[in-house]
Novice: 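Here's a structure for you.
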There are 2 protein chains.
Amino acid sequence: MSTLVDQLATVVQRPKRADAARNFDALVEAARAVFAADGAGASLEEIARRAGVGIGTLYRNFPTRDDLIEAVYVGEVEALVVAAAATEKLPAEKALGAWLRRFVEYIGTKHALIEGLNRESTVFAQCRAVMYGSGEPVLARAQAAGAVRDDVNISDVVRLVSGVAAVAVDDDAQRQRLIGLALDGLRPVG
Amino acid sequence: MSTLVDQLATVVQRPKRADAARNFDALVEAARAVFAADGAGASLEEIARRAGVGIGTLYRNFPTRDDLIEAVYVGEVEALVVAAAATEKLPAEKALGAWLRRFVEYIGTKHALIEGLNRESTVFAQCRAVMYGSGEPVLARAQAAGAVRDDVNISDVVRLVSGVAAVAVDDDAQRQRLIGLALDGLRPVG
DNA sequence: AGATTAGCGGAGGGCGCCTCCGCTTCGCAA
DNA sequence: TTGCGAAGCGGAGGCGCCCTCCGCTAATCT
């Protein structure tokens with residue numbers, strides 16, 4: 001379906017031989033669980049154990065820790081792309097807010113994983129491009145409807161909201177208040 | 001001078017014996033340098049080597065990595081308190097913006113250190129209290145002047161701006177744009 | 001000066017990182 | 001089906017870091 005998402009699988013690729021492909025999947029699944037439990041600094045040997053493979057196999061498929069983190073992260077980005085597509089039904093002035101709220105909710109729970117992400121990597125750059133590509137039409141629609149000022153671009157919007165998503169909050173009410181403030185900053189001036 | 005800052009030194013305390021006090025200072029100074037170079041995950045043995053003391057001495061003074069990170073962090077907070085005090089000369093509607101811009105600039109460079117900070121620690125809580133205490137009058141002044149909406153508190157403001165400070169940006173122009181958006185969100189509605 | 005005791009520091013056990021290479025098993029072709 | 005070459009496996013082992021423990025050193029007190 002989405003050609004955006006298809007770009008993501010290019011760097012670390014799933015091996016073709018049946019046993020190797022099984023191991024690859026087991027590793028990504030184990031990594032998802034262990035990173036969620038212990039954060040991005042989790043033991044790779046623990047991940048290999050959990051996946052039922054040797055540590056050598058982990059390193060053959062994912063030469064660096066970053067490669068493994070990224071493999072998990074790609075899945076998260078795909079979910080955001082789907083969420084952006086889902087806002088098409090909403091009116092233009094509501095769609096951007098809805099997507100961004102979803103964004104914050106999603107990123108907020110994956111905070112530990114994202115902190116461990118190498119922001120210079122190719123995969124990360126691709127993920128960013130894909131995310132921008134999916135959010136851009138939502139922003140453009142809001143701007144065309146006059147709900148959002150014209151002098152911001154999708155990169156500004158995503159980063160402003162990323163900041164709000166990452167910061168620690170007392171409770172959900174404060175998080176909502178912060179998102180509200182950020183969105184108010186996006187409204188046309190005057 | 002500021003009673004706010006004085007609260008900060010209470011948890012990890014500097015030993016009284018002359019040699020021990022020297023070692024303590026050398027450790028904090030070495031930690032500042034090594035954390036800045038290698039991030040919060042830097043080797044503690046490297047810090048001890050750099051300070052010219054045994055690893056045992058490091059652990060006696062700073063039983064956990066967090067204790068050492070916090071000792072460095074306290075210095076950063078003190079600088080922000082000074083910056084808040086320095087805005088007193090500015091007009092009410094400029095002072096908050098000035099302080100927050102300073103805040104972002106400062107926190108932006110110490111990003112790696114702050115990521116490693118344990119947000120549940122007593123010292124961190126004290127630092128937060130001190131920072132809020134020094135920023136609160138600046139905010140109140142801006143609100144009294146009608147430059148900032150009344151339904152936000154200092155915690156909202158600091159966290160909104162913390163988010164902007166922590167996020168990665170393309171260049172300084174984008175950072176300025178993001179701060180501008182966040183500050184626009186703080187203006188009175190209507 | 002001698003006694004007291006706070007403080008020193010590094011050896012050592014444990015763990016995680018990562019490489020290397022002999023062994024296994026897959027998948028193809030006959 | 002069988003045989004073979006290559007792709008893939010996995011764990012031993014070397015290294016660095018974490019942290020504790022305790023015999024030794026030297027600062028301070030009298």
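Everything numeric in this text was worked out from a predicted model, so none of it was measured. All values below were derived from every heavy atom in this structure, side-chain atoms included, with hydrogens, water molecules and symmetry-related copies excluded. Every chain is numbered from 1 and lettered A, B, ... according to where its sequence line falls, protein lines coming before strand lines.
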Novice: Show, in sequence, the C-alpha distance, side-chain angles and deciding distance for A/Arg159 and B/Asp170, and conclude whether the salt bridge (Lys or Arg N to Asp or Glu O under 4.0 Å) test is met.
Specialist: CA-CA 10 Å; A/Arg159 284 177 175 170; B/Asp170 292 331; 2.9 Å; yes
Novice: What is the separation between atom OH on B/Tyr59 and atom P on D/dT20, rounded to the nearest whole Å?
Specialist: 7 Å
Novice: Check B/Arg14 with B/Asp25, please: is the shortest side-chain N to carboxylate O separation under 4.0 Å?
Specialist: yes
Novice: Rounded to whole Å, how long is the line connecting atom CZ of A/Phe24 with atom P of D/dC9?
Specialist: 12 Å
Novice: Given 3.5 Å as the limit, does a donor-acceptor pair link the side chain of A/Ser162 with the main chain of A/Val158, or not?
Specialist: yes
Novice: Could you state the CZ-P distance from B/Phe62 to C/dG7, rounded to the nearest angstrom?
Specialist: 13 Å
Novice: Measure the distance from CG on A/Leu68 to C1' on C/dC17 and round it to the nearest whole Å.
Specialist: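 Checked: the CG to C1' distance equals 14 Å.
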Novice: Can you name the atoms? Protein N/O to nucleotides 21-28 of chain D N/O, anything below 3.5 Å, with the distance.
Specialist:
| unit_1 | atom_1 | unit_2 | atom_2 | d |
| --- | --- | --- | --- | --- |
| D/dT28 | OP1 | B/Ala18 | N | 3.0 |

Novice: Show, in sequence, the C-alpha distance, side-chain angles and deciding distance for B/Arg177 and A/Asp151, and conclude whether the salt bridge (Lys or Arg N to Asp or Glu O under 4.0 Å) test is met.
Specialist: CA-CA 10 Å; B/Arg177 218 154 57 237; A/Asp151 63 345; over 6 Å; no
Novice: Strictly distance-based, threshold 3.5 Å: is any side-chain N or O of B/Thr87 a donor or acceptor partner for the main-chain N or O of B/Leu90?
Specialist: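 No, the answer is negative, given that no donor and acceptor are paired below the 3.5 Å cut-off.
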Novice: Give me the residues of residues 39-55 of chain A where at least one heavy atom lies under 4.0 Å from an atom of DNA chain D, by number, or none.
Specialist: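 Heavy-atom cutoff 4.0 Å gives A/Val53, A/Gly54, A/Ile55.
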Novice: Given atom CG of A/Leu27 and atom C1' of D/dC9, what is their separation to the nearest angstrom?
Specialist: 12 Å
Novice: Separation of B/Asn61 atom CG from C/dC8 atom C1', in whole Å?
Specialist: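 In whole Å, C/dC8 C1' lies 11 Å from B/Asn61 CG.
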Novice: Within this structure, what is the CG-to-P distance between A/Asp67 and C/dC18, rounded to whole angstrom?
Specialist: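 In whole Å, C/dC18 P and A/Asp67 CG are 11 Å from each other.
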Novice: For D/dC9, take OP1 and OP2 only and decide whether either is under 4.0 Å from a side-chain N or O of A/Asn23.
Specialist: yes
Novice: Any salt bridge between B/Arg101 and B/Glu105, counting N to O under 4.0 Å?
Specialist: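 No, this pair does not count.
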Novice: Grab the CG-C1' distance between B/Asp66 and D/dC19 for me, whole Å please.
Specialist: 15 Å
Novice: Rounded to the nearest 0.5 Å, how far apart are CE of B/Met131 and CD of B/Glu76?
Specialist: 11.5 Å
Novice: Test salt bridge (Lys or Arg N to Asp or Glu O under 4.0 Å) on B/Arg149 and A/Asp184 and set out the steps.
Specialist: CA-CA 12 Å; B/Arg149 56 205 280 179; A/Asp184 281 352; 2.7 Å; yes
Novice: Counting only side-chain nitrogens and oxygens, does A/Thr57 get under 4.0 Å of the OP1 or OP2 atom of D/dG10?
Specialist: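 Yes, A/Thr57 has a side-chain N/O under 4.0 Å of OP1/OP2 on D/dG10.
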Novice: Report the residues that fulfil side-chain contact (heavy atoms from CB on, under 4.5 Å) with B/Ala166, sequence neighbours left out, ordered by chain and then residue number.
Specialist: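 In terms of side-chain contact (heavy atoms from CB on, under 4.5 Å), with neighbours along the sequence ignored, B/Ala166 is linked to B/His111.
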